[in-house]
Amino acid sequence: MKPRVLSGVQPTGNLHIGNYLGALRSWVKIQHDYESIFCIVDLHAITVYQQPEELRSKILELTALFVAAGIDPKHSAIVAQSTVPGHAELAWLLTCVTPVGWLQRMTQYKAKSEAQETIGDGLLQYPVLMAADILIYQANCVPVGEDQRQHLELTRDIAQRFNSLYGETFVMPETYLPAVGARVMGLDDPEKKMSKSEPGAGHAIALLDPPGVIRKKIMRATTDSNPAVDFETMGAGVKNLMTIFQAFSDWTDDQMVKHFSGMRYGDMKKQVAEMVVSSMEPMQKRYHEITSDPGYVDRILAEGRERVNPIASSTVNLVKQRMGIYTSA
Ligand code: TYM
């Protein structure tokens with residue numbers, strides 16, 4: 001039996017090249033080496049208020065984008081998290097073995113709760129639900145961007161604590177980070193991670209941005225006071241553009257240095273923009289083909305649910321038995 005891979009994306013805002021380079025691209029690369037499950041984590045999205053109609057349409061958009069980016073739905077299960085009830089059920093069972101101090105220490109919780117007037121309990125519980133997403137499928141490998149590393153460590157801590165309290169139950173999942181592109185920064189502010197929730201028009205490149213918009217955003221990206229590329233002294237903005245180019249091109253460090261050293265920023269930006277545009281074009285074309293068949297995305301999600309629900313139910317059953325909760329014979 002192949003080992004299992006699991007990952008997820010929240011259906012909020014517009015998917016951007018950070019999400020693609022940090023996560024989706026790894027999924028596409030490794031999907032056939034594993035039994036693969038990729039989730040649209042709608043239960044995570046509602047930890048902060050989402051406009052209901054928009055959330056519904058984002059779930060469908062994200063499913064189509066997964067396929068357009070190269071996830072093969074014949075091989076990999078694409079699942080809307082809320083359609084598999086075991087995720088929420090296991091999250092509760094795991095909540096009961098998770099010290100609240102572990103959750104209060106999470107940097108994403110601290111950052112997100114600062115922006116809220118009242119902090120919903122869901123925001124604190126968020127990483128427990130994420131642990132449930134992973135542990136429910138006994139996933140061996142979790143491909144994510146750098147910002148999820150701490151949540152993955154917590155997942156292993158929760159699994160270990162459960163195993164030591166109730167006996168070996170969960171597989172320990174490994175974090176899989178891409179060599180280049182694990183942390184893509186904002187174009188307008190390279191000190192901040194590129195984020196779906198950042199409102200600035202020049203901050204992120206969305207996967208569905210038209211070529212003209214991509215070019216404009218890259219040409220306006222923040223650089224520094226040097227006139228040309230110098231790999232020894234470059235600031236965070238230029239470094240980020242170089243990372244974006246290298247991740248899309250798969251060039252080696254040597255190739256990057258030889259090609260870009262001494263190149264004026266205007267010319268360098270044009271080349272980065274063309275690299276991003278040409279990488280996005282096939283994905284965007286496929287996205288428009290997929291969405292022209294209105295029932296396609298619903299069929300994919302129904303198939304994904306059918307495939308994974310039995311795995312989820314059997315883990316929840318095992319966990320209940322281990323904990324001594326009543327399970328029918
Ligand atoms: P989310 O929706 O914020 O992001 C989806 C994926 O994109 C990666 N990512 C980035 N990678 C590189 N540079 C960036 N600027 C960047 N921004 C985001 C994220 O690391 C992530 O891999 N909690 C998760 C969703 C989740 C999940 C899971 C992931 C829920 N359950 C189980 C893995 C396994 C999140 O909010 O991702």
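The figures that follow rest on heavy atoms only: side chains count, while hydrogens, waters and symmetry mates do not. Quick caveat, the model's predicted, so the values are computed rather than measured.
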Exercise for the section: Decide yes or no on side chain to side chain contact (heavy atoms under 4.5 Å, CB included) for Phe162 and Val319, but give the supporting numbers first. Expected result: CA-CA 9 Å; Phe162 189 96; Val319 170; 3.6 Å; yes
Exercise for the section: Quick one: do Gln138 and Thr315 satisfy side chain to side chain donor-acceptor pair (under 3.5 Å)? Show the steps, please. Expected result: CA-CA 8 Å; Gln138 305 284 13; Thr315 308; 4.6 Å; no
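- You'll find the side chain of Val144 reaches within 4.5 Å of the side chain of Thr175, heavy atoms only.
- Residue Thr291 holds its OG1 atom at 9.0 Å from CG of Leu65, rounded to the nearest 0.5 Å.
- At least one donor-acceptor pair under 3.5 Å links the side chain of Thr169 to the backbone N or O of Gly167.
- Listed by chain and residue number, nothing satisfies the salt bridge (Lys or Arg N to Asp or Glu O under 4.0 Å) test with Arg322 (two or more places apart in sequence, or in another chain).
- Taking CD1 of Ile136 as the start and CG of Leu318 as the end, the distance is 11.5 Å to the nearest 0.5 Å.
- Under the 4.5 Å side-chain heavy-atom criterion for ILVMFWY residues, no single connected hydrophobic cluster contains both Val229 and Met219.
- For residues 50-77, the ring-ring contact (aromatic ring centres under 6.0 Å, His included) pairs, not counting sequence neighbours, are Trp27-Phe66, His32-His75.
- Using a distance-only test at 3.5 Å, with no hydrogens or angles considered, no donor-acceptor pair links the side chain of His203 to the main chain of Asp189.
- In this structure Arg25 satisfies the salt bridge (Lys or Arg N to Asp or Glu O under 4.0 Å) test together with Asp250, sequence neighbours excluded.
- Considering only residues two or more places apart in sequence or on other chains, Tyr126 meets the ring-ring contact (aromatic ring centres under 6.0 Å, His included) condition with His44, His151.
- For the pair Ser113 and Tyr109, the tightest heavy-atom approach, listed with the atom from each and the gap, is OG-O, 2.7 Å.
- Using a 4.0 Å cut-off between charged nitrogen and carboxylate oxygen, Arg286 and Glu289 do not count as a salt-bridge pair.
- Linking ILVMFWY residues whenever their side-chain heavy atoms come closer than 4.5 Å, directly or via other members, places Leu21 and Leu208 in the same cluster.
- Side-chain N or O atoms of Gln31 include none that pairs as donor or acceptor with a backbone N or O of Ser76 at under 3.5 Å.
- The two atoms that bring Pro190 and Ala236 nearest to each other are CB-C, 3.7 Å, heavy atoms only.
- The backbone N or O of Ala228 sits nowhere less than 3.5 Å from a side-chain atom of Arg264 that would complete a donor-acceptor pair.
- Val142 places none of its side-chain heavy atoms less than 4.5 Å from the side chain of Glu174.
- The closest side-chain heavy-atom distance from Tyr287 to Val67 is not below 4.5 Å.
- Around atom NZ of Lys258, no more than 12 heavy atoms belonging to other residues, nucleotides or ligands sit under 6.0 Å away.
- Side chains of Val272 and Met242 form a contact here, defined as non-hydrogen atoms less than 4.5 Å apart.
- The closest donor-acceptor contact from the side chain of Gln51 to the backbone of Glu54 lies under 3.5 Å.
- Neither Leu177 nor Ile17 shares a network with the other; the hydrophobic side chains, linked directly or stepwise wherever heavy atoms of I, L, V, M, F, W or Y lie under 4.5 Å apart, form separate groups for each.
- For the residue pair Val238 and Asp224, the shortest heavy atom distance occurs at CG2-OD2, 3.6 Å.
- Lys239 places none of its side-chain heavy atoms less than 4.5 Å from the side chain of Phe231.
- Residues Gln150 and Thr107 have side chains that bring a donor and an acceptor to within less than 3.5 angstrom of each other.
- The backbone N or O of Gly237 lies less than 3.5 Å from no partner atom in the side chain of Thr222, so there is not a single donor-acceptor pair.
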Handout entry: Trace of the side chain to side chain contact (heavy atoms under 4.5 Å, CB included) decision for Trp102 with Ile158
Key = CA-CA 10 Å; Trp102 289 4; Ile158 293 174; 4.1 Å; yes
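- Using a distance-only test at 3.5 Å, with no hydrogens or angles considered, no donor-acceptor pair links the side chain of Asp42 to the main chain of Ile59.
- Checking side-chain atoms of Gln10 against main-chain N and O of Ile40 turns up no donor-acceptor pair under 3.5 Å.
- No hydrogens or angles considered: a donor-acceptor pair under 3.5 Å links the side chains of Gln125 and Thr95.
- Tracing side-chain contacts under 4.5 Å through hydrophobic residues (I, L, V, M, F, W, Y), one reaches Phe38 starting from Val28; they form part of the same cluster.
- Remark: Glu146 engages Arg149 in a salt bridge (Lys or Arg N to Asp or Glu O under 4.0 Å) (not counting sequence neighbours).
- Taken from CZ in Arg299 to OG1 in Thr63, the straight-line distance is 13.0 Å, to the nearest 0.5 Å.
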Exercise for the section: Evaluate the side chain to side chain contact (heavy atoms under 4.5 Å, CB included) criterion for residues Glu303 and Glu306: first the C-alpha distance (whole Å), next the side-chain angles of each, then the deciding distance (0.1 Å), finally the verdict. Expected result: CA-CA 5 Å; Glu303 275 168 29; Glu306 288 307 304; 5.7 Å; no
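- In the hydrophobic clustering of ILVMFWY residues, with side-chain heavy atoms under 4.5 Å counting as a link, Met234 and Ile218 come out together.
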Problem - Pair Lys193-Glu198, side chain to side chain contact (heavy atoms under 4.5 Å, CB included): steps then yes or no - result: CA-CA 10 Å; Lys193 155 191 101 162; Glu198 196 69 38; over 6 Å; no
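- Expressed to the nearest 0.5 Å, how far CZ of Arg156 lies from CG of Leu154 amounts to 10.0 Å.
- In terms of heavy-atom proximity, Ile30 sits nearest to Cys141 at CD1-SG, 4.2 Å.
- How far CG of Asp133 is from OG of Ser7: 9.5 Å, rounded to the nearest 0.5 Å.
- Applying the side-chain hydrogen bond (donor to acceptor under 3.5 Å, both in side chains) rule to pairs touching residues 274-283 yields Arg215-Glu274, sequence neighbours excluded.
- Between the side chain of Asp209 and the backbone N or O of Ala206 there is at least one donor-acceptor pair closer than 3.5 Å.
- Across all their heavy atoms, Ala68 and Ile290 have their closest contact at N-CD1, 3.7 Å.
- Leu207 places a side-chain heavy atom less than 4.5 Å from the side chain of Met280.
- What you find for Arg4 and Tyr137 is that their closest heavy atoms are NH1-O, 2.6 Å.
- When side chains are defined from C-beta on, Asp230 does not count as touching Ser261, because their heavy atoms never get closer than 4.5 Å.
- Under the side chain to side chain contact (heavy atoms under 4.5 Å, CB included) rule, Pro173 has a single partner from Ile134, Asn140, Val5, Leu6, which is Ile134.
- With rounding to the nearest 0.5 Å, the separation of NZ in Lys217 from CD1 in Ile205 is 7.0 Å.
- Between Leu301 and Ile78, the closest side-chain pair of non-hydrogen atoms falls below 4.5 Å.
- A donor-acceptor distance shorter than 3.5 angstrom exists from the side chain of Asn240 to the backbone of Met185, with no hydrogens or angles considered.
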